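To find a chain, count down the sequence lines: A is the first, B the second, and so on, and within it residues start at 1. All figures in this text were calculated on a predicted structure; none of them were measured in a lab.
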Amino acid sequence: MQNLELKPAVDKYQPLVLTPLEDIRGFLFHHLGRFLLFLITFSSVLLMLLIFFFVIREAIPFLMKFNLTEFLTTKSWYPEASTPKFGALSLIVGSLYVTIAALVFAVPTGILAAIFLSDIVSLKIGDFIKPVIEILAAIPSVAYGFFAVLVLAPWMQNKLGFTTGTNALNASIILSIMALPTIISVAEDSISTIGRELREASYALGATRFETIFKVVIPAAHSGIIAAIVLGMMRAIGETMVVWMASGNANQIPSPWWDLSQSVRTMTATIAGDMGETPKDSLHYGALFAIGVVLLVMTFLLNIISEYFLASAKRKSGKS
Amino acid sequence: MRHIIRRITDKAFTILTGTSVVLLTSVLLIILGPMVWRGAKAVIFKDTIEFRKMQLDLYNRGNSEALKIETSETESFRRTVYKIVDDFKHGIDTEELIDKSKQIYRQFGKELRYRGITGKQYQKIRSLARDLRGRLQAAFESNDKKIIKENIDYVLQYRKNKYFVDTTAAEFFTLAEDFYKTIENIDLNKRQEYTASLQQIEEVIFQLLGPRPDEPLPALTMERYGATRWDLAQKLLDNLLWSQQWIQQEAGQPLTKIRVSRAEQFAGTKLEPLFGYVENNLAKMLKPEYTFYWQYFIDDSTPGHYFGGVGPEILGTLLLTLLAMLFVFPLGVISAAYLVECASDNIAVRIIRMCINTLAGVPSIVFGLFGLAFFVLFFIPLFGGPSKPCILAASMTLAVLTLPVMIRASEEAIRSVPQTYKEASLGLGASRFRTFVKVTLPAALPGILTGVILSISRVAGETAPILFTGAVALGPLPKSLFDPTRTLSYGSYDIAVGDRLAMMVPHNQYGMVVTLVLLILSLNAIAIVLRARVFRRLRGE
């Protein structure tokens, strides 16, 4: 038998009580570290402020010289004329026009698909459908634009007899496809967080599935669904490549208003298309940054709206 | 009754929701299916000998000896084509014939001067030659066979004339005979039509077979080779065999397109055999073979992406994304760590979260404006860099764009590490910092990696932010981080809309965009698989 010698687990015994110096050092390290981490994290805020600051700064020389109301309310956009005119109304309307048209296609389809995923099929089948949505979300916008220009536009022109294939309809169809993944995933989240109790209570009263969904589930999930629509709208209004390639870039407000076969021009496409040809510090350059400010403000407001509705959806699901 | 209606509505609703999903799937298939199919043709296709010549010349690929043998094999078939065209041209192209007769006359005049004849004789022969030239010209320009016959006969009676035998002027007579033979079977009133059509035919043959062996090499690379692909050759053959005409069938009706057989158009002429010959021997002239052109992914391209691949574009995209990841990874992970581990729900954290959400919602084109105004015009010059669009500015812009994605993904990954892991570490006496570095971070790393891959796929596809900050459509390979670069995303835009030349090579258009889409989808697939594995492991399966 070997003589077992007991070794202490720790070579050096340390007193449990820290010396004052160690205590202060630990305290400082803890708080300095936290502060450093906070600073790094705060860079997001800094970046956000920098974005606002620099985009607005470049727009200021233009806004000083040019009347803001005229910029927002007149329709003629002739930046390179001898007496340049910067009326961005038709660009703003163009952006809203294709966005709203895209939502008309995307919202019903998106909500129906969300209901299908959350209420109608089992989770297993849902797992087969979700990759489809993920792939649709992953395809880059320039690839959608490519499809719009080289496939959809010739088809519209030759088969549907439109005067031009690159028009508001083309752009809004593609935008709706791009907005769908956002709408579906946010709407599905909010619909499936509505508890089973509500649904079961409704079924117990003899309601069909259709009635349950329309009269119980959707009213209960309405804030999440509104948030989904707003987020989809943000996605569509900020999209550049697709509208630049597919909308035709004609500076006009469609008349009659429902005629989607006309070309329009959006804010994003104007910035993308004109920026390459403008010298820095010209009025035109400033005007494009001013459009950027309008876009930034619009998306900022939409973001606040979506935050509000998402927060209220969270509150409700927390209560139930 | 009401009961039935309720049930029908219920069923209809179920079907409607299903339809929306079917619609979604079919949209995906409609977009991706044909795109991938056509894009694959940039890599796998039937090439021709012209393609192999191009590969040898531009990239020094292939066996030059074997190619030489193949070329000489094709040459004999091509020569027949050229001969048929040339023979027919002798009789039809008035301007060329007149030029030729003038040239003979001039040559003959020079020759006469050195023959040691008296001035008077010289004058006489010279005026005779001028007379012959005039007669020939009259014959070439005339549309009346009777006049032509008179003129040609007049010229030919001098054939045995002692002044002309064995001189350049003898070519007058071969020219006259050739011309007479050719026009025998031609309706002369159609000469205009023939000339126009012949021009098109020559153009098509040039596109099909490239420049003739005796012609000087064209300056543009794209004109140096004939049809490099068999499918293109087939299309050109169709253009050769059929001409398209717009015809108004009834007054007031729009013009309709009809196809007219050129063989019929040239029926009875010397050119007629050309069409059958080319149709039957095209494969022998071009020697098609199936190839797998994997070098598409590394090759540079000639202007307009006419030949070559997407190598520089792939390189540029990788460079931009990796650099952007370098900037965003530490920032994203540290921010996420702070938000999960340290942050309490105070006002500062709420502001940070709101800013992250706002940042995620900023349109990509506004990031482009910001990148231009901040990185290109302010930040990089601040450190002494050049104030122009470059890779560094573009990747920084992309890093800002993808920061919210990165923070959210890392936050989720860190949050999903079970609390028990941390408690075990803390219980052993490790500090919170040590716990995070040694326990939480390794456990969360696969999840964070998923976030990184998703950010890469987002960044690689973005076009709008790099429009003004560092992407170009054409240009040399970047030498430093202060040069702009080509990317797949901007290249896809340019090849679809900007580049007129690229319209002629649809396989390269689709090839570029499919390379981009497949790159991004495979990154996403990796991310999805990784996420599923991490999820399983953390649940302890």
Given that the side chain runs from C-beta out, which part of [X] has a heavy atom under 4.5 Å from chain B: side chain, backbone, both or neither?
| X | answer |
| --- | --- |
| Thr299(A) | side chain |
| Leu302(A) | neither |
| Leu150(A) | both |
| Leu50(A) | both |
| Tyr285(A) | side chain |
| Glu239(A) | neither |
| Ile271(A) | both |
| Phe214(A) | side chain |
| Val45(A) | both |
| Leu37(A) | both |
| Leu117(A) | neither |
| Leu231(A) | neither |
| Ser43(A) | side chain |
| Tyr144(A) | side chain |

### Query
Is a salt bridge present between Lys314(A) and Glu307(A), judged by a nitrogen-to-oxygen distance below 4.0 Å?
no
Check: Can Arg458(B) and Glu462(B) be counted as an ion pair, charged N to O under 4.0 angstrom?
Finding: yes
Portion of [X] that has a non-hydrogen atom of chain A nearer than 4.5 angstrom:
| X | answer |
| --- | --- |
| Phe378(B) | side chain |
| Leu359(B) | both |
| Leu32(B) | side chain |
| Leu488(B) | neither |
| Ile334(B) | both |
| Ile407(B) | side chain |
| Ile352(B) | both |
| Leu16(B) | both |
| Leu467(B) | side chain |
| Leu29(B) | neither |
| Ile520(B) | side chain |

For chain B, find which of [options] contributes the most heavy-atom pairs closer than 4.5 angstrom.
| options | answer |
| --- | --- |
| Met267(A), Glu58(A), Glu211(A) | Glu211(A) |
| Ile213(A), Ile139(A), Ile135(A), Leu180(A) | Ile135(A) |
| Arg34(A), His30(A), Met234(A) | Arg34(A) |
| Lys280(A), Met298(A), Arg57(A), Met275(A) | Met275(A) |
| Ser306(A), Ala138(A), Ala137(A), Gly276(A) | Ala138(A) |

Among [options], who wins on heavy-atom pairs under 4.5 Å with chain A?
| options | value |
| --- | --- |
| Leu403(B), Asn357(B), Ile30(B), Leu331(B) | Asn357(B) |
| Leu377(B), Leu454(B), Val514(B) | Leu377(B) |
| Thr463(B), Leu369(B), Leu516(B) | Leu369(B) |
| Ala336(B), Cys355(B), Gly461(B) | Cys355(B) |
| Val517(B), Thr358(B), Val366(B), Val362(B) | Thr358(B) |

Next item on the list: Measure from the side-chain N and O atoms of Arg38(B) to the backbone N and O of Gly33(B), and report whether any donor-acceptor pair falls under 3.5 Å.
Entry: no
Query - N/O donor-acceptor pair under 3.5 Å between Asn303(A) side chain and Gly361(B) backbone - result: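 It does not hold such a pair.
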Could you check if a side-chain atom of Phe53(A) sits within less than 4.5 angstrom of a side-chain atom of Phe374(B), using non-hydrogen atoms only? no
As an exercise, state the distance from [atom1] of [X] to [atom2] of [Y], rounded to the nearest 0.5 Å.
| X | Y | atom1 | atom2 | value |
| --- | --- | --- | --- | --- |
| His507(B) | Met512(B) | NE2 | CE | 12.0 Å |
| Ile191(A) | Glu188(A) | CD1 | CD | 8.0 Å |
| Leu288(A) | Phe468(B) | CG | CZ | 8.0 Å |
| Ser176(A) | Arg235(A) | OG | CZ | 12.0 Å |
| Asp10(B) | Thr14(B) | CG | OG1 | 5.0 Å |

Would you say the ring centroid of [X] lies under 6.0 angstrom from that of [Y]?
| X | Y | answer |
| --- | --- | --- |
| Phe29(A) | Phe433(B) | no |
| Phe62(A) | Phe289(A) | no |
| Phe52(A) | Phe300(A) | yes |
| Tyr493(B) | Trp244(A) | yes |
| Phe35(A) | His31(A) | no |

Derivation and outcome, side-chain contact (heavy atoms from CB on, under 4.5 Å), residues Thr266(A) and Asn249(A):
CA-CA 7 Å; Thr266(A) 67; Asn249(A) 291 333; 5.9 Å; no
Heavy atoms of Gln509(B) and Ile495(B) approach each other most closely as NE2-O, 2.8 Å
Is there a side-chain hydrogen bond (donor to acceptor under 3.5 Å, both in side chains) between Thr240(A) and Thr268(A) once you walk through the steps? CA-CA 5 Å; Thr240(A) 310; Thr268(A) 50; 4.5 Å; no
- Message: If the test is side chain to side chain contact (heavy atoms under 4.5 Å, CB included), which one of Val459(B), Thr487(B), Val472(B) qualifies with Ile466(B)?
- Response: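 The side chain to side chain contact (heavy atoms under 4.5 Å, CB included) with Ile466(B) is passed solely by Thr487(B) among Val459(B), Thr487(B), Val472(B).
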Please check if atom NZ in Lys11(B) has more than 12 non-hydrogen atoms from other residues, nucleotides or ligands closer than 6.0 Å.
no
